[in-house]
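Proteins get letters first, then strands, A, B, ... in listed order; numbering begins at 1 in each.
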Protein chains: 2
Amino acid sequence: MKLETSCIRAEADYVQILRCKEELNAVSASIEVISKVMALAGNKVRFKMLYLLQRENELCPCDFADILEMSVPAISQHLRKMKDVNVISTRRDGQTIFYRISEENKAFLTTILSNVAPERKTA
Amino acid sequence: MKLETSCIRAEADYVQILRCKEELNAVSASIEVISKVMALAGNKVRFKMLYLLQRENELCPCDFADILEMSVPAISQHLRKMKDVNVISTRRDGQTIFYRISEENKAFLTTILSNVAPERKTA
DNA sequence: AACGTATTTAAGTATTTGCTTAATTTATTA
DNA sequence: TAATAAATTAAGCAAATACTTAAATACGTT
């Protein structure tokens, strides 16, 4: 692995920099997946949606629109993004479609959402 | 609290919708803070930076530039964003500035970063 | 089959984001 | 104090985001 340096400082720890590059390389696939989920949950609207899903188990686009006071298409587009990455999944009942957090991501999201609390700022 | 509905469906659970709105309201401050941290960590470059900081304890902009193979200004701007929200903090040693994860957010970020693993996709 | 409802999709647009290059600040050293 | 080095800031720009409105699907009811 070649090393292009940005600085000329004496303290530059080339061993450390190479180690870091290799470490990143080893977990790149994992980072790819997780940062994608993080990016989705990093949007305030979607974060609220996930929080609501965790508490209510399942909700339909219509519910979200009423709760968050947003248009149905706007909600639908947020849902689509999360479904595309399998953060949420769907169940159809007649013409209403219920969304829930997919099992695959439930544990991960639960740890994050558990930091949401009424009074003290957790993070 | 008034309720504007998006659908006319019979199954609309107004009690549930009102409860959700109130619940969101109760944790709004918390969500504000956490989703801001999430938004920062949701960027792949910044996620890598945080991952590196957790492993290496502290790094300077120059290190990041070398490791991530990015320009120093680009790195600096990412660092600034995270510092503005107190996700990371700084220590000066001569003309190099070392960044580390702030104590305030360490626990929260550690739980998230612990999902980064070499082989299996965790999330 | 025709209509109404829930949802999605598409097209358009304003805002935000993340980089680039150039200029500036801060500190060290000759 | 002049030169160099590390870092930040500023200006500019291309790409990504998140909404809007309008149109299209899918399902259920009459």
- prompt: Can you tell if the side chain of I101(A) reaches within under 4.5 Å of the side chain of V87(A), non-hydrogen atoms only?
  reply: no

field: I34(A) with L113(B), same ILVMFWY side-chain cluster at under 4.5 Å
entry: yes

task: Please step through side chain to side chain contact (heavy atoms under 4.5 Å, CB included) for the pair K83(B) and L79(B), ending with a clear verdict.
output: CA-CA 6 Å; K83(B) 205 197 167 191; L79(B) 289 169; 6.0 Å; no

message: Can you confirm whether more than 12 heavy atoms, excluding those of R80(B), are under 6.0 Å from its CZ atom?
response: no

- prompt: Under the side chain to side chain donor-acceptor pair (under 3.5 Å) rule, what pairs show up with a residue in residues 38-50 of chain A, not counting sequence neighbours?
  reply: K44(A)-E32(B), R46(A)-H78(A)

Pairwise N/O distances under 3.5 Å, protein to nucleotides 14-19 of chain D:
unit_1: dA18(D); atom_1: OP1; unit_2: N43(A); atom_2: ND2; d: 2.5
unit_1: dA18(D); atom_1: OP2; unit_2: R46(A); atom_2: NH1; d: 3.1
unit_1: dA18(D); atom_1: OP2; unit_2: K81(A); atom_2: NZ; d: 3.0
unit_1: dC19(D); atom_1: OP2; unit_2: H78(A); atom_2: NE2; d: 2.1

query: Among dT8(C), dA7(D), dT9(D), which is the nearest nucleotide to the side chain of T96(B)?
result: dA7(D)

task: Nearest whole angstrom, please: distance from the P of dA27(C) to the CZ of F98(B).
output: 15 Å

Pairs under 3.5 Å (N/O, protein and nucleotides 12-16 of chain C):
none

query: Rounding to a whole Å, what distance do you find between I97(B):CD1 and dT26(C):P?
result: 11 Å

query: Is any side-chain heavy atom of F47(B) less than 4.5 Å from a side-chain heavy atom of M38(A)?
result: yes

Distance, rounded to the nearest Å, where E69(B) contributes CD and dT20(C) contributes P: 13 Å

- prompt: CD1 of I75(A) versus C1' of dT20(D): gap in Å, rounded?
  reply: 14 Å

message: One pair to check against side chain to side chain contact (heavy atoms under 4.5 Å, CB included): T90(A) and F98(A). What are the steps and the verdict?
response: CA-CA 5 Å; T90(A) 54; F98(A) 289 100; over 6 Å; no

- request: Provide the full list of disulfide (SG to SG under 2.5 Å) pairs with a residue in residues 14-43 of chain A, sequence neighbours left out, each pair given once.
  value: none

Atom-pair distance (CG on D63(A); C1' on dT7(C)), nearest Å: 13 Å

query: R80(A) side chain N/O closer than 4.0 Å to the phosphate oxygens (OP1, OP2) of dT9(C)?
result: yes

- prompt: Taking the side chain as C-beta and beyond, is there a heavy-atom pair between I75(A) and M49(A) under 4.5 Å?
  reply: yes

- prompt: Partners of K81(B) by side chain to side chain donor-acceptor pair (under 3.5 Å), sequence neighbours excluded?
  reply: none

- prompt: E56(A) versus R100(A): any side-chain heavy-atom pair under 4.5 Å?
  reply: no

task: Would you kindly give the CZ-to-C1' distance between F64(B) and dC19(C), to the nearest whole Å?
output: 18 Å

Tabulated below should be each protein N or O lying under 3.5 Å from an N or O of nucleotides 24-28 of chain D; please produce it.
unit_1: dC27(D); atom_1: O2; unit_2: Q95(A); atom_2: OE1; d: 3.2

